[in-house]
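One structure below.
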Amino acid sequence: MALVISTWRTTINTLRKRPPTHPGAILREDVYPTLQISVSEFARHLGISRQTLHAVLSERSAISPELALRLGTFLGNGPQLWIEMQSRYDLWQAERKLKKILPRIPAYSDLLAA
């Protein structure tokens with residue numbers, strides 16, 4: 001259990017250095033331009049509204065598990081990539097939000113040693 005907690009804390013420390021890129025930015029800057037289709041056509045192929053796609057592309061909305069499945073199927077790279085990018089982004093944002101609270105939370109292993 002202590003190894004898991006230690007690994008988690010190391011991961012959190014690594015995340016502090018720079019914000020991960022929102023997956024919508026990757027989609028907008030790197031993926032979408034190579035498709036050579038309109039946003040409306042892209043949304044239609046994914047089975048979502050144009051507004052939903054725009055919200056993701058503009059980084060106002062997250063990539064849900066359902067959208068990750070749709071993107072992974074359409075792009076042929078699977079859903080895991082999109083879920084992991086969103087998870088890294090969300091975790092970094094949450095860590096920033098809780099940065100004053102997290103140091104006050106004791107590690108369970110420290111409580112056992114006391």
Side-chain angles (χ1 to χ4, degrees):
M1 182 65 133
L3 178 60
V4 171
I5 293 171
S6 175
T7 302
W8 179 82
R9 289 183 189 254
T10 301
T11 301
I12 289 297
N13 289 335
T14 302
L15 291 173
R16 288 187 180 134
K17 294 185 174 127
R18 77 165 192 86
T21 304
H22 189 284
I26 304 281
L27 199 56
R28 181 186 68 243
E29 300 294 326
D30 299 330
V31 177
Y32 175 67
T34 66
L35 299 177
Q36 299 180 346
I37 58 176
S38 69
V39 171
S40 295
E41 192 175 354
F42 189 16
R44 191 170 44 255
H45 287 303
L46 293 174
I48 62 175
S49 72
R50 187 175 46 80
Q51 292 82 2
T52 298
L53 183 55
H54 271 293
V56 171
L57 294 174
S58 64
E59 303 173 43
R60 289 176 308 177
S61 289
I63 291 182
S64 67
E66 181 180 307
L67 182 53
L69 285 164
R70 292 170 186 265
L71 285 167
T73 299
F74 181 72
L75 298 171
N77 56 7
Q80 196 64 33
L81 170 72
W82 299 103
I83 287 295
E84 288 176 6
M85 280 193 286
Q86 188 65 57
S87 180
R88 278 188 220 104
Y89 179 84
D90 291 344
L91 187 57
W92 192 89
Q93 296 296 329
E95 196 270 336
R96 285 294 186 216
K97 181 179 178 182
L98 298 175
K99 71 181 177 180
K100 292 181 181 178
I101 295 169
L102 291 177
R104 297 191 313 233
I105 298 174
Y108 178 70
S109 58
D110 293 344
L111 296 175
L112 292 177

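Nothing fancy with the numbering, it's 1 onward along the sequence.
A distance of 8.0 Å separates CG of Leu98 from CD of Glu95, quoted to the nearest 0.5 Å. Taking OG from Ser64 and CG from Leu71, the interatomic distance works out to 8.5 Å, rounded to the nearest 0.5 Å. In this structure, the separation between CG on Leu35 and CG on Leu75 is 6.0 Å, given to the nearest 0.5 Å.
A side-chain donor-acceptor contact under 3.5 Å links His22 to the backbone of Ser61. Listed for the Thr52 side chain is no donor-acceptor partner under 3.5 Å among the backbone atoms of Ile48. A donor-acceptor pair under 3.5 Å links the side-chain atoms of Ser58 to the main chain of His54, judged by distance alone.
Not a single side-chain hydrogen bond (donor to acceptor under 3.5 Å, both in side chains) links Gln93 to another residue, sequence neighbours left out. Taking the side-chain hydrogen bond (donor to acceptor under 3.5 Å, both in side chains) definition, one finds that Glu66 meets it with Arg70, sequence neighbours left out.
Looking at Arg44 and Arg50, their side chains never come closer than 4.5 Å, going by heavy atoms from C-beta outward. Contact annotation: the side chain of Asn77 approaches that of Trp82 to within less than 4.5 Å [non-hydrogen atoms, C-beta and beyond].
Ring geometry for His45 against Phe74 counts as parallel: the plane angle stays under 30°, on a 0 to 90° scale with 60° as the upper cut.
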Could you walk me through whether Tyr89 and Thr21 satisfy the side-chain contact (heavy atoms from CB on, under 4.5 Å) test, starting with their C-alpha distance in whole Å, then the side-chain angles of each, then the deciding distance to 0.1 Å, before giving a yes or no? CA-CA 7 Å; Tyr89 179 84; Thr21 304; over 6 Å; no

Would Leu27 and Phe42 count as a side-chain contact (heavy atoms from CB on, under 4.5 Å) if you check the C-alpha gap in whole Å, the side-chain angles of each, and the deciding distance to 0.1 Å? CA-CA 11 Å; Leu27 199 56; Phe42 189 16; 4.2 Å; yes

Steps toward salt bridge (charged side-chain N to carboxylate O under 4.0 Å, His left out) verdict (Glu84, Arg88): CA-CA 6 Å; Glu84 288 176 6; Arg88 278 188 220 104; 3.6 Å; yes

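Nearest heavy atoms, Ala43 versus Leu53: N-CD2, 3.7 Å. Counting all heavy atoms, side chain and backbone alike, Ser38 lies closest to Tyr32 at C-OH, 3.3 Å.
Met85 is connected to Leu46 through a chain of hydrophobic side-chain contacts under 4.5 Å among Ile, Leu, Val, Met, Phe, Trp and Tyr, so both are in one cluster.
Among the candidates Asp90, Ile26, Val56, the single residue satisfying the side chain to side chain contact (heavy atoms under 4.5 Å, CB included) test with Ile63 is Val56.
Heavy atoms from other residues, nucleotides or ligands lying under 6.0 Å from CD of Gln36 number 12 at most.
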